Participant: 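Please find one structure pasted underneath; my questions will follow.
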Amino acid sequence: MKILFVASEAAPFIKTGGLGDVIGALPRALCERGHEILVVLPKYSAIDAHAHGLRDTGRRVEVQFPNLLAGAEIFQYAPEARLRYLFLQSPWFDRRELYGEGGKEYRDNHKRFALLCAGALEAAKQQNFIPDAVHAHDWQAALTPLILKRGWAGRPAPFQARSVFTIHNLAYQGVFPREAMSELALPSDLFHADALEFYGSLNFMKAGLVFGDKLTTVSPTYAREIVDSKETGAGLEGLLTHRRNDLVGIMNGVDYKRWSPDTDEALPQRYSAQDLSGKAADKAALQRELGLAEEPRTLLCAAIGRLVHQKGYDLLVEALPAFVERKVQFVLLGMGDAALEEQFKALAAKYPRNISVQLRFDDKLAHRIEGGADMFLMPSRFEPCGLNQLYSLRYGTLPLVHAVGGLADSITEGKQGWGFRFDEQTAEALRQALDRALELWALPDAWRAAMLRAMARDHSWARSAEQYEALYRG
Ligand code: ADP
C-alpha cells in the first residue's frame, strides 16, 4: 500500500515529545513490511537541512487562503526507495520554536498548520504519490481528514483516500477564536457542536475526530479512558463515545535501533541481558557526572520529561524528602513549568549528594540516564502511551508508574513482574510503591531477575505496524 503521513514533528529531524519518536519510527516499520511511505512535515528553521541531508527539490506548493496565496518550498530526504520525507519550507515555520514561545502559542498556528495539511495533500499529488490511506497525527494535522472529505478553498481534495487520525495526546486540541474559521475559509456549516465548534471556538482536533474514517490512540487503556473519564476526555468524551466503534488503541512501539543498551553509543559502556557489568559502570559514571555519591548499592531513581501538570511531577516534589530519608538518589532531566523548576532546584540545592536536577533538553543525557539509573519514575496523572517506561524496560531500569493509560498497559508488578505501580495519584501511594521497590532492591538476585524480565519485554514496532496496516486497508 501507499500511505501518506502528515505530522508536525519526527525524530531525528525535530522532536519535542513522543509524537516525534512515533513519526521517526512507524513509517520505517511500515516500509520494512513492504509499504511505500511519504511523510510530510514542516521545515522549521531549527531543522538543520545540511546535517540531515535534506535536498531542495526546487519545487513548491501553493495553498490558497482568503486574500492570500501561501507558498512553500519542498525539501526532500529519501533514505530508502520506499520511504521519503518531504519538508515544507515557509516563513511561517521560521520561528525559534515549533508551537509557541514563553508559554504562549503562536497566534497564527491555525494558518501554519492549515498550510501543513493542505500543502501535504498538494505536495503528495505533485509527486505523483496517490495514497491508499492518509494517516494524520494530532491537532496539527487534523484538518487533513476534513480536507479529504470537504475539499479546501472551495475546491475538491486533490485525491480521494481513506483517512486514519491518531490522537497522541488529547490534552492538546488546537483551539482558536471563531474568526479562524473565516481566516481559513472553512465551510461555515461546520461551525456547530457536532463538528468543529468547541464552546464558541474552533477546535482543530475535532476535525480529525469527526472526519477521520478510523480513529486511533496510542494505548488500549487510554482509548478507554478518553471515552469513560471526563478528566481524560478533556471535553471531547461525548464525541468520542459517539465514534467509539471506530476508535482503537494501538500501543506505540520502540525504535530499538535508537534505544538498546547493547548498541547505544551514548553509553560510556554498553551492556546486555547476558552481561550486565556495563550497567554498573554506567551507573558509577552517571553518579560521578551528576555529583551524586558514587555508591553502587544506593538505589538511583530517574525521571525524564516535560515539566507539565500531566506528568505529575508535583507528586515527586512532595515525595522526594522521603526518598532522601530512605537514602535513595534521584535525577531529573526536564524543563517546563517555572514553579516546578524552582521547586526541584531547591531540593537539589538542599540535598546535593542525593538529588540532581538538569533543567534542559538533552537527548544524549537521556540515554546515559536510562543506562545508569536503577529505577525510572512516571507518576503521570494521565499518559496516552508513554515511551520512557518502554525504553527503561529495555535498559533494565525498572519503571515505577501511576497505573494509567499506556503505563497500565505495559508495566506489571508482582512475583513475575517487571516494575512497580500505584493506583491512587497521591504522594503517599508513590512512597508506598517506593517502599515495595526497596524491599526488592534489598534482594539483589530478585531485583536482577526482574531486570531480566524487563529487558525481555518486546515492544518493537512490527506488531503495532501490523495493526495500523489493517486500518489502512479498511
Ligand atoms: P510526551 O510525548 O508526553 O512528552 P513521551 O514519554 O511519550 O511523553 O515521550 C517523551 C520523549 O521525549 C521521550 O523520548 C523522552 O526521552 C524525551 N524527552 C522529554 N524531555 C526530555 C529532556 N528534557 N531531555 C531529553 N529527552 C527528553
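Whatever order the structure lists ligands and atoms in, that order sets their numbers, starting from 1. The structure displayed is predicted, hence computed values, not measured ones.
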Participant: With under 30° as parallel and over 60° as perpendicular, where do the rings of Tyr391 and Trp259 fit, or are they tilted in between?
Facilitator: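 Ring orientation of Tyr391 relative to Trp259: parallel.
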Participant: Measure from every N or O atom of ligand 1 to the protein's N or O atoms and keep only the pairs below 3.5 Å, writing each with atom names and distance to 0.1 Å.
Facilitator:
from, atom 1, to, atom 2, distance (Å)
ligand 1, 2 (O), Gly18, N, 2.5
ligand 1, 3 (O), Arg306, NH2, 2.8
ligand 1, 3 (O), Lys311, NZ, 2.8
ligand 1, 4 (O), Arg306, NE, 2.8
ligand 1, 6 (O), Leu387, N, 3.1
ligand 1, 8 (O), Lys311, NZ, 3.1
ligand 1, 9 (O), Gly18, N, 3.3
ligand 1, 14 (O), Lys15, NZ, 2.9
ligand 1, 14 (O), Asp21, OD2, 2.9
ligand 1, 16 (O), Asn388, OD1, 3.1
ligand 1, 16 (O), Asn388, ND2, 3.4
ligand 1, 23 (N), Arg360, O, 2.8
ligand 1, 24 (N), Asp362, N, 3.0

Participant: Salt bridge or not for Glu294 and Lys283, using N-O below 4.0 Å?
Facilitator: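 A salt bridge is absent here (no side-chain N lies under 4.0 Å from a carboxylate O).
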Participant: Salt bridge (charged side-chain N to carboxylate O under 4.0 Å, His left out) for Lys345 and Glu342? Distances and angles first, verdict last.
Facilitator: CA-CA 5 Å; Lys345 264 206 295 213; Glu342 283 308 315; 3.5 Å; yes
Participant: So, Arg112 side chain and Pro42 main chain: donor-acceptor pair closer than 3.5 Å or not?
Facilitator: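 Looks like no, no N/O pair under 3.5 Å.
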Participant: Could you check whether any side-chain N or O of Arg436 sits under 3.5 Å from a backbone N or O of Gly414, counting only pairs where one atom can act as donor and the other as acceptor?
Facilitator: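 Not confirmed, Arg436 side chain does not pair with Gly414 backbone.
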Participant: Are any side-chain N or O atoms of Gln329 and backbone N or O atoms of Thr298, one a donor and one an acceptor, separated by less than 3.5 Å?
Facilitator: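 Checked: no pair found.
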